[in-house]
Amino acid sequence: MTLWGYIRPDGSVGIRNHVLVISSVVCANEVTSSISNSVPGTVYVVHNEGCGQLGIDYEQTLRTLIGFGRNPNVASVLVIGLGCEKLDPRVLADGISSSGKRVEVLVIQEEGGTIKAKEKGIKIAEELVSEAYKMKREPIDLSSIVLALECGGSDATSGIAANPAMGFVSDYVVKAGGTSILSETPEFIGAEHILAKRAISEEVARKVFEIVERAEKSALAMGVDLRGTQPTRGNIEGGITTIEEKSLGCIYKAGKSPIQGVVEYAEPPKGKGLWIMDTPGHDVQSITGMVAGGAQVVLFSTGRGTPVGCPIAPVIKITGNPMTYEKMRDNIDINAGTIILGLETIEDVGLRILEELFLVINGKMTKAEALGHREFAITRIGPTM
């Protein structure tokens, strides 16, 4: 199947052509969402950050927002700022525009308030949408795809059926010269030694152990032992009995490819192949980090069923639980429960996911997209000042 996408000025490839309206600070959220809701063809990102943050916490928020704007699924961007926030909207815009795409900035205080800012923002957004509609899809190669791997609401079938089938697809994309990202550091606990053995070097292996230790120490500093918080209530009700069981199931998503390196939250992989991103296990925060790191499409396995999506990247939902598929057909794209029922092999389902991935790359909407699921959340490091 020929794949089609949008070639961006920096050579990256988008599989969607969004005009993104993004706030630089929580105080600009209402204006941001109002402008986007008034202009069909735009999507918006609002959040609770942008002020009162320090050091690496502020840098992480800035990196995440820049990464969303730079993501190749975005054609152009309108940044909405308040005017007195720590996260300067023009710094955000400069970070995005270095990708070569058009970026406009609107500052509410400079425009004279909400009403005037909305009026001007709508005109700018309409112009950006008009330009985006002129862009055409071109043939692309699978090697240009960056795949995000996520699991949430896991149950016993996730690690047996859905995740191994996702691993088949991840290996396929990597062998084709593409990139795949495994995340959710707390869900490596008890399985980090297995991941480390797949690292391409001792340095990468050491980094795998470091991020797991860092996650555990961060929790302990707040008086919480992660090994006592996992599996969650929902996981246990779904048949997972220990954190090690959950972790061993989680890492199946990444197939058998060697691990090229470890990157920080929202940091793009430094090359092709399979990479690990240090993210929390929180599904939406994890997806946000990987998409900010350049992923154009997300494979998401869920045993219990979860509807979440992403503002700019299609999320393909896969369940290994045949009962969840029957209950949540409106949300689930792929039924991997056929493996549990003995009707298909892992490879059979992997090939079905791959076919769906190709269709989604070429424009087919996922269930999450069709239902308007656009959840977004940036993970925090430090306290608000």
Should Asp330 and Lys367 count as an ion pair when the cut-off is N to O under 4.0 Å? no

Hey, are the side chains of Leu182 and Trp275 touching, using non-hydrogen atoms and a 4.5 Å cut-off? no

Does the side chain of Ser301 come under 3.5 Å of the side chain of Ser158 through a donor N or O and an acceptor N or O? no

For the backbone of Pro258 and the side chain of Arg198, can you confirm whether one donor and one acceptor N or O come within less than 3.5 Å of each other? no

Where do Val107 and Leu82 come nearest, in terms of heavy atoms and distance? CG1-O, 3.4 Å

Joint cluster assignment, Ile122 & Val45, ILVMFWY side-chain distance < 4.5 Å: no

Check whether Tyr265 reaches the backbone of Gln285 with its side chain - one donor and one acceptor, N or O, closer than 3.5 Å. yes

Is it the case that the side chain of Gln296 and the backbone of Ser144 share a donor-acceptor pair, with hydrogens and angles ignored and the cut-off at 3.5 Å? yes

Could you tell me whether Lys217 and Glu213 have a side-chain N and a carboxylate O separated by less than 4.0 Å? yes

Pairing of Lys116 and Glu111 as salt bridge, 4.0 angstrom limit: no

Please determine whether a side-chain nitrogen of the Lys or Arg among Lys253 and Glu150 lies less than 4.0 Å from a carboxylate oxygen of the Asp or Glu. no

Residues, nucleotides or ligands: over 12 heavy atoms within 6.0 Å of Leu341 CG: yes

Minimal non-hydrogen separation, Leu106 against Ala117, with atom names: CD2-O, 3.1 Å

Heavy atoms, side chains only, cut-off 4.5 Å: are Ile145 and Ile15 in contact? yes

In this structure, are over 12 heavy atoms from other groups packed under 6.0 Å from Met365 atom CE? yes

I'd like to know if the side chain of His47 and the backbone of Glu49 have a donor-acceptor N/O pair within less than 3.5 Å. yes

Side chain to side chain contact (heavy atoms under 4.5 Å, CB included) assessment of Ser218 paired with Met222: CA-CA 7 Å; Ser218 296; Met222 293 187 291; 5.8 Å; no

Mind checking whether Val91 and Val77 sit in one hydrophobic cluster, side chains of I, L, V, M, F, W, Y counted as touching below 4.5 Å? yes

Does the distance from a Lys or Arg side-chain N to an Asp or Glu carboxylate O, for Arg352 and Glu344, drop under 4.0 Å? yes

Would Arg63 and Glu264 pass as an ion pair if we require N to O under 4.0 Å? no

For Ala295, is there any backbone N or O sitting under 3.5 Å from a side-chain donor or acceptor partner on Asn71? yes

Tightest non-hydrogen contact, residues Asn362 and Met1, listed as ND2-SD, 3.8 Å

Check this for me: Tyr172, atom OH, are more than 12 non-hydrogen atoms of other residues, nucleotides or ligands nearer than 6.0 Å? no

Please indicate whether Lys270 has more than 12 foreign heavy atoms, meaning atoms of other residues, nucleotides or ligands, lying under 6.0 Å from its NZ. yes

Identify the two heavy atoms, one from Val315 and one from Ala368, that lie closest to each other, and give their separation to 0.1 Å. O-CB, 4.1 Å

Ser36 versus Thr42, side-chain donor and acceptor atoms under 3.5 Å: yes

Should Ile259 and Val204 count as side-chain neighbours, where that means a heavy-atom distance under 4.5 Å? yes

Is Thr306 reaching over with its side chain to a backbone N or O of Gly152, donor-acceptor style, under 3.5 angstrom? no

Verdict with reasoning, Asn29 to Ser23, per side-chain hydrogen bond (donor to acceptor under 3.5 Å, both in side chains): CA-CA 6 Å; Asn29 283 354; Ser23 65; 2.8 Å; yes

To the closest 0.5 Å, what do you measure between CG (Leu357) and CG (Leu351)? 12.0 Å

Is the side chain of Thr324 donor-acceptor paired with the backbone N or O of Gly305 at a distance under 3.5 Å, no angle test? no

Do Ile80 and Pro89 have side chains that approach each other closer than 4.5 Å (heavy atoms only, starting at C-beta)? no

Side chains of Leu78 and Thr32: closer than 4.5 Å at any heavy-atom pair? no

Do Thr288 and Phe68 come within less than 4.5 Å of each other through their side chains, counting heavy atoms only? yes

If Ile, Leu, Val, Met, Phe, Trp and Tyr residues are connected whenever their side-chain heavy atoms lie under 4.5 Å apart, and connections chain through other members, are Ile200 and Ile211 in the same group? yes

Test log, rule side-chain hydrogen bond (donor to acceptor under 3.5 Å, both in side chains), inputs Thr345 and Asp348: CA-CA 5 Å; Thr345 66; Asp348 290 336; 3.1 Å; yes

I need the Ile361 CD1 to Glu356 CD distance, nearest 0.5 Å. 11.0 Å

Restricting to non-hydrogen atoms, name the atom on Asn235 and the atom on Ser154 that form the minimum distance, rounded to 0.1 Å. ND2-O, 2.9 Å

Atom CG in Asp283, atom CD in Glu375: separation rounded to 0.5 Å? 10.5 Å

Ile7: what forms a side chain to side chain contact (heavy atoms under 4.5 Å, CB included) with it, not counting sequence neighbours? Val13, Glu138, Ile140

Judged by modelled atom types alone, do Ser24 and Arg90 share a side-chain donor-acceptor pair under 3.5 Å? no

Rounded to the nearest 0.5 angstrom, the CD1-CD1 distance for Ile334 and Ile353 is 6.0 Å

Ignoring hydrogens and geometry beyond distance, is a side-chain donor-acceptor pair present between Gln53 and Thr61 at under 3.5 Å? yes

For a quick check under 3.5 Å, do Asp10 and Ser12 share a side-chain donor-acceptor pair by atom type? yes

Counting distance only, does the side-chain N/O of Ser257 pair as donor-acceptor with the main-chain N or O of Asp171 below 3.5 Å? no

Does Met277 offer a backbone N or O that forms a donor-acceptor pair with the side chain of Ser183 under 3.5 Å? no

Taking side chain as C-beta onward, heavy atoms only, is Ile316 less than 4.5 Å from Val298? no

Check the surroundings of atom NZ in Lys272: do more than 12 heavy atoms from other residues, nucleotides or ligands lie under 6.0 Å from it? yes

Is NZ or CZ of Lys86 both nearer than 6.0 Å to the six-membered ring centre of Tyr58 and within 45° of the ring axis? yes

Dump the intermediate steps for side-chain hydrogen bond (donor to acceptor under 3.5 Å, both in side chains) on Thr157 and Asp155, then the final yes or no. CA-CA 5 Å; Thr157 69; Asp155 71 1; 2.6 Å; yes

Gap between atom CG of Leu20 and atom OG of Ser76 - 0.5 Å precision: 8.5 Å

Taking every non-hydrogen atom, the tightest pair across Ala161 and Ile339: O-CD1, 3.7 Å

Hey, could you give me the NZ/OH distance between Lys136 and Tyr6, rounded to the nearest 0.5 Å? 8.5 Å

No-hydrogen, no-angle side-chain donor-acceptor test under 3.5 Å, Thr185 and Asp278: yes

Kindly say whether Ile381 contributes a backbone atom to a donor-acceptor pair with the side chain of Asp57 at under 3.5 angstrom? yes

Taken in chain and number order and not counting sequence neighbours, the residues that satisfy side chain to side chain contact (heavy atoms under 4.5 Å, CB included) with Asn331 are Pro307, Met328, Leu371, His373

Whether Glu104 and Arg102 form a salt bridge (side-chain N of Lys/Arg under 4.0 Å from carboxylate O of Asp/Glu) is what I want to check. yes

For residues Ile189 and Glu216, determine if any side-chain heavy atom of one lies less than 4.5 Å from a side-chain heavy atom of the other. yes

